[in-house]
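Just so it is clear, the structure is predicted and the values come from calculations on it, not from any experiment. Below, chain A is the first sequence line, B the second, and so on; all start at residue 1.
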Amino acid sequence: MLDIKYLRENFEGAEKALASRGGKVDLSGFQTLDQRRRELLNEAESLKAEKNKVSTLIGRTKDKSQVQDEIARMKDVSGLIKGLDDQLRVVEEQLNELLMGVPNIPHEHCPVGISEEDNVEIRTWGEKPALKFAAKAHWDVGEDLGILDFERAAKLSGARFCIYFGAGARLERALINFMLDLHTDEHNYTETLPPFLVNRVSMTGTGQLPKFESDLFHTEDVDLFLIPTAEVPVTNIHRDEILAEKDLPLCYTAYTPCFRKEAGSHGKDTRGLIRQHQFNKVELVKFVRPEDSDAELEALLGNAEKVLQLLQLPYRVIDLCTGDIGFSAARTFDIEVWLPGQECYREISSCSNFRDFQARRASIRFRREGAKKPELVHTLNGSGLAVGRTLLAILENYQQEDGSVLIPQVLQPYMGGLQKIEK
RNA sequence: GGAGGAGUGGCCGAGUGGCUUAAGGCGGCAGUCUUGAAAACUGUUGAACGAGAGUUCCGUGGGUUCAAAUCCUACCUCCUCCGCCA
């Protein structure tokens with residue numbers, strides 16, 4: 001959510017900045033609603049002040065017959081207050097609805113553009129493997145080895161699911177452990193294991209609701225949602241809290257499965273592990289002081305890149321343009337891994353700075369040393385990494401002509417010493 | 001699922017309709033005393049909106065009343081016991 005004071009004072013500037021996202025953001029009505037709200041609030045509050053004053057007087061008067069006129073008058077005043085409060089509630093609801101649907105203002109360094117065509121490649125890392133044979137896509141590699149089974153998964157759950165077998169299942173587990181160990185031991189993140197089902201308030205706090213409900217799986221008899229990313233439960237850990245400055249930055253990592261309906265992506269990435277309704281991810285989440293968030297985003301991005309470097313998987317880093325960043329983000333870097341089977345780069349991590357956008361929705365604040373007033377923190381998160389996509393990148397990059405797949409060296413201890421997956 | 005009990009400031013806890021502006025304690029902060037510290041004593045110590053006056057917040061939403069932390073009501077959460085269960 002944007003700062004209502006900022007909107008009030010920089011209305012044109014905000015409109016212009018939001019227009020750089022491309023889509024239409026409708027702010028009309030804000031000024032009228034905001035003005036109306038303040039009028040109603042003023043009127044109601046001065047009546048309440050009078051009511052409190054007179055009521056105290058009535059309370060102090062022993063002989064109530066002396067204050068019958070006041071009691072009668074306060075009855076009317078109470079009625080007026082009730083009417084004003086009702087109107088105020090309606091106006092505030094409309095204003096809130098409007099504000100909850102407005103995306104974040106892009107960071108001033110975010111490249112301006114309207115689509116992914118305008119994203120900026122910042123760097124590439126690693127050598128694309130020089131295969132002396134026609135690279136297979138991971139779904140062929142995996143099915144031929146008997147470690148991935150999409151057909152039977154469809155029998156259980158429909159399209160966009162997968163069953164892992166044997167060394168495939170273990171490789172997924174190895175990757176999760178490897179990533180968690182790296183981020184906790186080397187990068188100083190605290191491991192958390194949060195709930196995979198969360199309530200409506202949590203989903204609203206990070207920005208998935210109210211706008212994107214159709215992307216989420218929802219439970220039928222209680223009002224809970226399956227998390228689409230660990231960002232939601234982990235960021236909400238500190239919802240409605242005031243943190244101490246000395247505790248910042250707070251850095252958490254979490255493994256969770258993620259559940260997405262993928263509505264609107266019919267026909268896209270229908271084969272393989274790229275786009276599943278359920279996938280595993282190790283997430284990185286930070287709560288930081290506002291002045292640190294730019295540097296913390298770079299650091300978080302570096303932590304995610306480290307995973308690919310240790311796995312020796314070639315990748316590039318993309319600076320997303322204003323038209324391509326997500327609803328809640330002010331700045332986003334994507335990491336895209338090279339997939340020889342498909343001869344393209346595919347997103348494997350998305351690292352974002354949300355500034356105070358989520359913190360305001362979720363009321364996550366901190367108090368500076370010696371300061372009286374609390375301030376909003378900045379929140380950041382990024383995948384470190386998407387596990388299924390990492391597994392498929394290994395299958396494609398480490399495939400051999402005979403159909404086997406080598407295990408990256410850093411993963412071998414997690415695979416019981418296994419060096420190669422073969423039939 | 002059944003039966004009870006409970007939700008008050010950072011924490012504990014008093015408060016059953018009106019000088020409650022939420023007592024008291026703990027913790028935190030500052031000061032006095034001290035070579036320094038501890039102890040003791042004194043003071044101070046929640047959040048939101050508002051330029052300010054002020055208003056709101058005692059789990060949440062409704063309601064009763066001139067007046068609600070206090071009464072009514074629905075819901076949420078936690079605890080205890082029973083049942084079921086990995």
Of A:R367, A:R289, A:R365, which meets salt bridge (charged side-chain N to carboxylate O under 4.0 Å, His left out) against A:E245? A:R289
Do A:K281 and A:E283 sit within salt-bridge range, that is, some charged N less than 4.0 Å from a carboxylate O? yes
Could you tell me whether A:K286 and A:E296 make a salt bridge, using a distance below 4.0 angstrom between a side-chain N and a carboxylate O? yes
Taking atom P in both B:A39 and B:U45, compute the distance separating them and give it to the nearest angstrom. 22 Å
Near RNA chain B, under 4.0 Å by heavy atom, which residues of residues 232-250 of chain A? none
Output the rounded distance in Å from CG (A:D86) to P (B:G61). 14 Å
Pick base, sugar-phosphate or nothing for A:R200, based on heavy-atom distances below 4.0 Å to the nucleic acid. nothing
Is there a side-chain polar atom (N or O) of A:R365 under 4.0 Å from OP1 or OP2 of B:A48? yes
Expressed as a whole number of Å, how far does the P atom of B:C33 sit from that of B:U16? 44 Å
Measure the distance from CZ on A:F366 to P on B:G10 and round it to the nearest whole Å. 18 Å
Whether A:R37 side chain and A:V91 backbone form a donor-acceptor pair below 3.5 Å: no
From CG of A:L84 across to C1' of B:U56 the rounded distance in Å is 15 Å
How many Å lie between CG on A:L88 and P on B:G50, as a whole number? 13 Å
Just by distance, do the side chain of A:H378 and the backbone of A:S293 share a donor-acceptor pair under 3.5 Å? no
A:R89 atom CZ is separated from B:U60 atom C1', nearest whole Å, by 13 Å
Can you measure A:L47 atom CG to B:A53 atom P for me and round it to whole angstrom units? 19 Å
Starting the side chain at C-beta, find the nucleotide from B:A47, B:C49, B:U55 nearest to A:L41. B:C49
A:K373 has an atom NZ; how far is it from atom C1' of B:A48, in whole Å? 7 Å
Hey, which sits more toward the 5' end of RNA chain B by its nearest nucleotide, A:I4 or A:E50? A:I4
Reading nucleotides 64-78 of chain B from the 5' end, what letters show protein touch, with B for base, S for backbone sugar-phosphate only, - for no heavy atom under 4.0 Å? --BS-----------
Starting at CZ of A:R367 and ending at P of B:C29, how long is that distance when rounded to a whole Å? 14 Å
Whole-angstrom distance between B:G59 and B:U70, as gauged at atom P: 8 Å
Assign A:K5 to base, sugar-phosphate, or nothing according to its heavy-atom contacts below 4.0 angstrom with the strands shown. sugar-phosphate
Sticking with atom P, work out how far B:G17 lies from B:A69, rounded to a whole angstrom. 13 Å
If you count the non-hydrogen atoms of other residues, nucleotides and ligands that lie under 6.0 Å from CZ in A:R368, is the total more than 12? yes
Canonical and wobble pairing (Watson-Crick, G-U, under 3.5 Å) of RNA chain B, dot-bracket with |: ((((((((.[[[..)..(.....]]]((((((.......))))))((((....)))).[[[[[..)....]]]]])))))))....
Is a side-chain donor or acceptor of A:T206 paired with a backbone partner of A:S202 at a separation under 3.5 angstrom? yes
Using the P atom on both, measure B:G31 against B:G36 and round to a whole Å. 13 Å
When the C1' atoms of B:U80 and B:C71 are compared, how many Å lie between them, rounded to an integer? 28 Å
Given the P atoms of B:U77 and B:C29, what is the spacing between them in whole Å? 37 Å
When the ring planes of A:Y189 and A:H187 are compared, do they come out parallel, tilted or perpendicular, using 30° and 60° as the limits? perpendicular
Looking only at the aromatic ring of each residue, does the gap between the centers of A:F327 and A:F212 stay below 6.0 angstrom? yes
Using only atom types and a distance under 3.5 Å, with no angle test, would you say the side chain of A:T332 pairs donor to acceptor with the backbone of A:S352? no
For atom P, what is the distance between B:G1 and B:C75, given to the nearest Å? 13 Å
Quick one: do A:R331 and A:D319 satisfy salt bridge (charged side-chain N to carboxylate O under 4.0 Å, His left out)? Show the steps, please. CA-CA 8 Å; A:R331 187 94 192 269; A:D319 191 353; 2.5 Å; yes
Below 4.5 Å, heavy atoms only, C-beta onward: do A:L248 and A:V288 meet side chain to side chain? no
Reckon A:N52 has a side-chain N or O less than 4.0 Å from the OP1 or OP2 of B:U55? yes
RNA chain B nearest-nucleotide lookup for A:A49 and A:R38: closer to the 5′ end is A:R38
A:Y252 and A:H238: aromatic ring centres closer than 6.0 Å? yes
